[in-house]
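Sequence lines set the chain letters: A, B, ... in the order given, protein chains first and strands last, and positions in each chain run from 1. All values derive from a computational prediction rather than experimental measurement.
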Amino acid sequence: GQSLEQPSEVTAVEGAIVQINCTYQTSGFYGLSWYQQHDGGAPTFLSYNALDGLEETGRFSSFLSRSDSYGYLLLQELQMKDSASYFCAVRDGAAGNKLTFGGGTRVLVKP
Amino acid sequence: GAGVSQSPSNKVTEKGKDVELRCDPISGHTALYWYRQSLGQGLEFLIYFQGNSAPDKSGLPSDRFSAERTGGSVSTLTIQRTQQEDSAVYLCASTLAGVGDTQYFGPGTRLTVL
């Protein structure tokens, strides 16, 4: 089976940096994804790591260490609009593109 | 439209009634997924369609749940004899198979079972 763990909530101020960690246990592993979901909205794709290392996309970066079954999402220069829930998800290649999601980390950005 | 659409956006039903939820994926996307999200929780996988292959139904919580995908496009999720614990947001996503893990989600259907 699959299981993912991430913190339930993080609070930070505008302009700060937040790191959301995700550890996973999977029977197969083909990549770690991150999705953002605003209250009442649909999840939207942020990033995907299939190989070890850091992927940078603007203010957001994602890191993966396959040997440690660990990844993180880094949110830099936090803005109020970044207040949302962030989910890590793993793809079990044996199941095609089916994703198993973590429980989500709620990020609250304060002025 | 350009994105995934779902209907209805909200559905209130009485316990024991059947409901049908509809998903229109992005045109050309061969893979379609249904997830369920309870309030404040993560996404729970329900079922996955990929092209003409047999669907992966491993996430369906009971035999009251079923889904079909007609013509490789529109999908309908049916819940029979609804229970209060079925209350949740039902999300549909589609993807262009083979392109990483970018799943495009619809706005969801909020189901409330009274």
Side-chain angles (χ1 to χ4, degrees), chain A residues 1-9 20 22-24 26-51 55 57 62 64 71 73 84-108, chain B residues 1-7 9-10 21 23-26 29-60 67 88-110:
Chain A
Q2 324 271 58
S3 69
L4 296 92
E5 290 194 13
Q6 51 181 130
S8 58
E9 192 170 298
I20 303 171
C22 175
T23 57
Y24 57 87
T26 61
S27 54
F29 179 82
Y30 282 77
L32 182 70
S33 298
W34 290 92
Y35 284 76
Q36 178 192 59
Q37 185 180 33
H38 287 99
D39 285 349
T44 56
F45 173 81
L46 289 178
S47 68
Y48 171 65
N49 293 67
L51 302 175
E55 295 280 345
T57 308
S62 58
L64 175 66
L73 180 69
S85 292
Y86 294 82
F87 296 89
C88 57
V90 297
R91 177 164 71 91
D92 173 358
N97 281 336
K98 183 179 73 176
L99 296 179
T100 300
F101 285 80
T105 298
R106 188 172 182 84
V107 173
L108 177 62
Chain B
V4 178
S5 61
Q6 294 186 242
S7 61
S9 55
N10 280 283
L21 313 179
C23 172
D24 283 89
I26 293 173
H29 280 194
T30 57
L32 184 150
Y33 314 78
W34 283 98
Y35 295 90
R36 177 169 72 173
Q37 186 175 32
S38 300
L39 188 64
Q41 301 297 311
L43 283 75
E44 176 190 4
F45 166 76
L46 296 177
I47 187 168
Y48 159 55
F49 297 90
Q50 172 58 59
N52 295 320
S53 302
D56 177 350
K57 304 179 182 179
S58 60
L60 294 179
V89 175
Y90 289 81
L91 291 158
C92 174
S94 71
T95 190
L96 193 59
V99 181
D101 283 319
T102 307
Q103 295 194 3
Y104 296 87
F105 283 83
T109 294
R110 181 175 297 279

Next item on the list: Hey, could you give me the CD/OG1 distance between B:Gln103 and A:Thr44, rounded to the nearest 0.5 Å?
Entry: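 Output value for this atom pair is 12.5 Å.
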Notebook entry, point to check: Rounded to the nearest 0.5 Å, how far apart are CZ of B:Phe105 and OH of A:Tyr35?
Noted result: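 Here the rounded value is 5.5 Å.
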Checklist line | B:Leu91 versus chain A, the contacting section by heavy-atom distance below 4.5 Å | finding: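 For B:Leu91, side-chain heavy atoms alone lie under 4.5 Å from chain A.
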Check: Is it the backbone or the side chain of B:Ser58 that comes under 4.5 Å from a heavy atom of chain A, or both, or neither?
Finding: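 For B:Ser58, the side chain is the part near chain A, not the backbone.
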What are the two closest heavy atoms between [X] and [Y], and how far apart are they?
X       : Y        : value
A:Leu99 : B:Phe45  : O-CB, 4.2 Å
A:Phe87 : B:Gln37  : CZ-NE2, 3.6 Å
A:Ala42 : B:Pro107 : CB-CA, 4.2 Å

Next item on the list: Among the options A:Gly103, A:Pro43, A:Ser47, pick out the one with the most heavy-atom pairs lying under 4.5 Å from chain B.
Entry: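 Most pairs with chain B among the choices: A:Pro43.
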